[in-house]
Amino acid sequence: MGKLQKNGFQGEAYQPQEEVFFNDGREIALLHYVYSHPELENMRGHPQKILDAIDEYGRTKKYLMNIGEYKSKTVLDLIREVKPQTMVEIGAYVGYSAIAFASAVKDAGGRRYYSLEHNPEFGAVTTMLVDLAGLSDIVKVVIGSSSDTLRRLAKNREIDHIDLLFLDHQKPLYTPDLMLCEELGLVGPGSVYAADNVVKPGNPPYLEYVRSTVAQKKKRFAALGHDGLKGNPNLVYKSEFVEGWEPSGVPDALEITTCVES
Ligand SMILES: C[S@@+](CC[C@H](N)C(=O)[O-])C[C@H]1O[C@@H](n2cnc3c(N)ncnc32)[C@H](O)[C@@H]1O
């Protein structure tokens, strides 16, 4: 733990990221930490207090791969601007972003926050912490691989339009999952995407995709000539890079993309 004042990062950092930094029991340890917290009774129904307790664990116990309070600010500003009725995140982990963002979606008059997670244990931790935060009425945690879940939610007509999409799962899946959303008609003009970790560890194929023109996308797809995911190359995107910091104090950025027309 330490006070970092590097590259504009101010405040107390999370523990450094170790070689093995998740799925080693720390997620269940976090649940015990929160549920045996001396302030537990004051935390019930207060999203910010749950986030503070998760941050406290990350700072004093073990690193957690959460978006953290610094990069969260960018997404919170977007939520206030976009006022999404439906927001989807891919990658729940222990529920930090779900608690931070669903609370803001609720405040902005939104209807539903879908939190997609393929690890059932992480999904269970998210569900417990979301419940403690008093957000079970808006958050739906869905367990399964992102592509299967997106297909099912679209097929069941549970989701017909994603206003705000937060991508925070396996980096090589950002582009195919976005293309799948395009193909399923879940995104279109007015949809906004926030993609995390575009510096650390980075995601050049995703940045290239969302920064391409319609003509470039069509040309690339024709050259590939495959019969896999087609996406919707007609969607016109405006995309920008917003710098921030990992909760461990390491510089990172979000790519914010708006679908401006089709
Ligand atoms: C960086 S963590 C998410 C952190 C969380 N969004 C936050 O900021 O609090 C990435 C999560 O994505 C999940 N994940 C990875 N690939 C996935 C997939 N294909 N479908 C659903 N979840 C996936 C991992 O299990 C992990 O919990």
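Both counts, for ligands and for their atoms, begin at 1 and track the order of listing. Reckoned from all heavy atoms, side chains included, excluding hydrogens, waters and symmetry mates. The model shown is predicted, which means the values in this text are computed figures rather than measured ones.
- Under the salt bridge (charged side-chain N to carboxylate O under 4.0 Å, His left out) test applied with E158, the options R151, R111, K140, R112 reduce to a single match, K140.
- In summary, the atoms of ligand 1 found under 4.0 Å from a heavy atom of S97, numbered by their order in the structure, are 5 (C), 6 (N), 7 (C), 8 (O), 9 (O).
- For R26 (side chain) and K62 (main-chain N/O), no donor-acceptor pair under 3.5 Å exists by modelled atom type.
- The single protein non-hydrogen atom nearest to atom 19 (N) of ligand 1 is S146 OG, 3.1 Å, given as residue, atom name and distance.
- Polar contact check, M65 against ligand 1: no nitrogen or oxygen pair lies under 3.5 Å apart.
- Of all atoms in ligand 1, numbered sequentially from 1 with element shown, those under 4.0 Å from a heavy atom of L173 are 19 (N).
- Of the protein's heavy atoms, I67 N, 2.8 Å lies nearest to atom 8 (O) of ligand 1.
- Remark: K217 qualifies as a cation-pi partner of Y209 under the 6.0 Å distance and 45° angle criteria applied to the six-membered ring.
- Those atoms of ligand 1 with a heavy atom of Y96 less than 4.0 angstrom away are 9 (O).
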Applying side chain to side chain donor-acceptor pair (under 3.5 Å), run through Y14 and D55 and close with a yes or a no. CA-CA 7 Å; Y14 274 22; D55 282 334; 2.5 Å; yes
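- Counting only heavy atoms of the protein, atom 16 (N) of ligand 1 lies nearest to Q170 NE2, 2.9 Å.
- For ligand 1, the atoms sitting less than 4.0 Å from at least one non-hydrogen atom of G144 are 20 (N), 21 (C), numbered in the order shown with element in parentheses.
- Residue L229 holds its CG atom at 8.5 Å from OG of S147, rounded to the nearest 0.5 Å.
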If you apply the rule side chain to side chain donor-acceptor pair (under 3.5 Å), what do you find for N23 with E27, and how did you get there?
CA-CA 7 Å; N23 211 11; E27 296 80 16; over 6 Å; no
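- Surrounding OH of Y33 are more than 12 heavy atoms belonging to other residues, nucleotides or ligands, all under 6.0 Å away.
- Residue D168 has at least one nitrogen or oxygen atom sitting less than 3.5 Å from a nitrogen or oxygen atom of ligand 1, judged on distance alone.
- By heavy-atom distance, the residue among H169, K71, E117 lying nearest atom 24 (C) of ligand 1 is E117.
- A distance-only check finds a donor-acceptor pair linking the side chain of D163 to the backbone of Q85 [under 3.5 Å].
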**Prompt:** How far apart are the C-alpha atoms of Y193 and E255, what are their side-chain angles, what is the distance that settles it, and do they pass the side chain to side chain donor-acceptor pair (under 3.5 Å) test?
**Reply:** CA-CA 8 Å; Y193 322 136; E255 179 79 359; over 6 Å; no
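- Looking at Q15, its side chain never comes within 3.5 Å of a backbone N or O of G58 through a donor-acceptor pair.
- Close approach of ligand 1 to F122 (heavy-atom distance below 4.0 Å) involves ligand atoms 25 (O), 27 (O).
- The closest protein non-hydrogen atom to atom 21 (C) of ligand 1 is H118 N, 3.2 Å.
- Residue contact check for ligand 1: G68 places no non-hydrogen atom closer than 4.0 Å to it.
- For ligand 1, the atoms closer than 4.0 angstrom to any heavy atom of A92 are 5 (C), 9 (O).
- Applying the 4.0 Å criterion to heavy atoms of F166 picks out, from ligand 1, the atoms 6 (N).
- The closest protein non-hydrogen atom to atom 12 (O) of ligand 1 is G91 CA, 3.3 Å.
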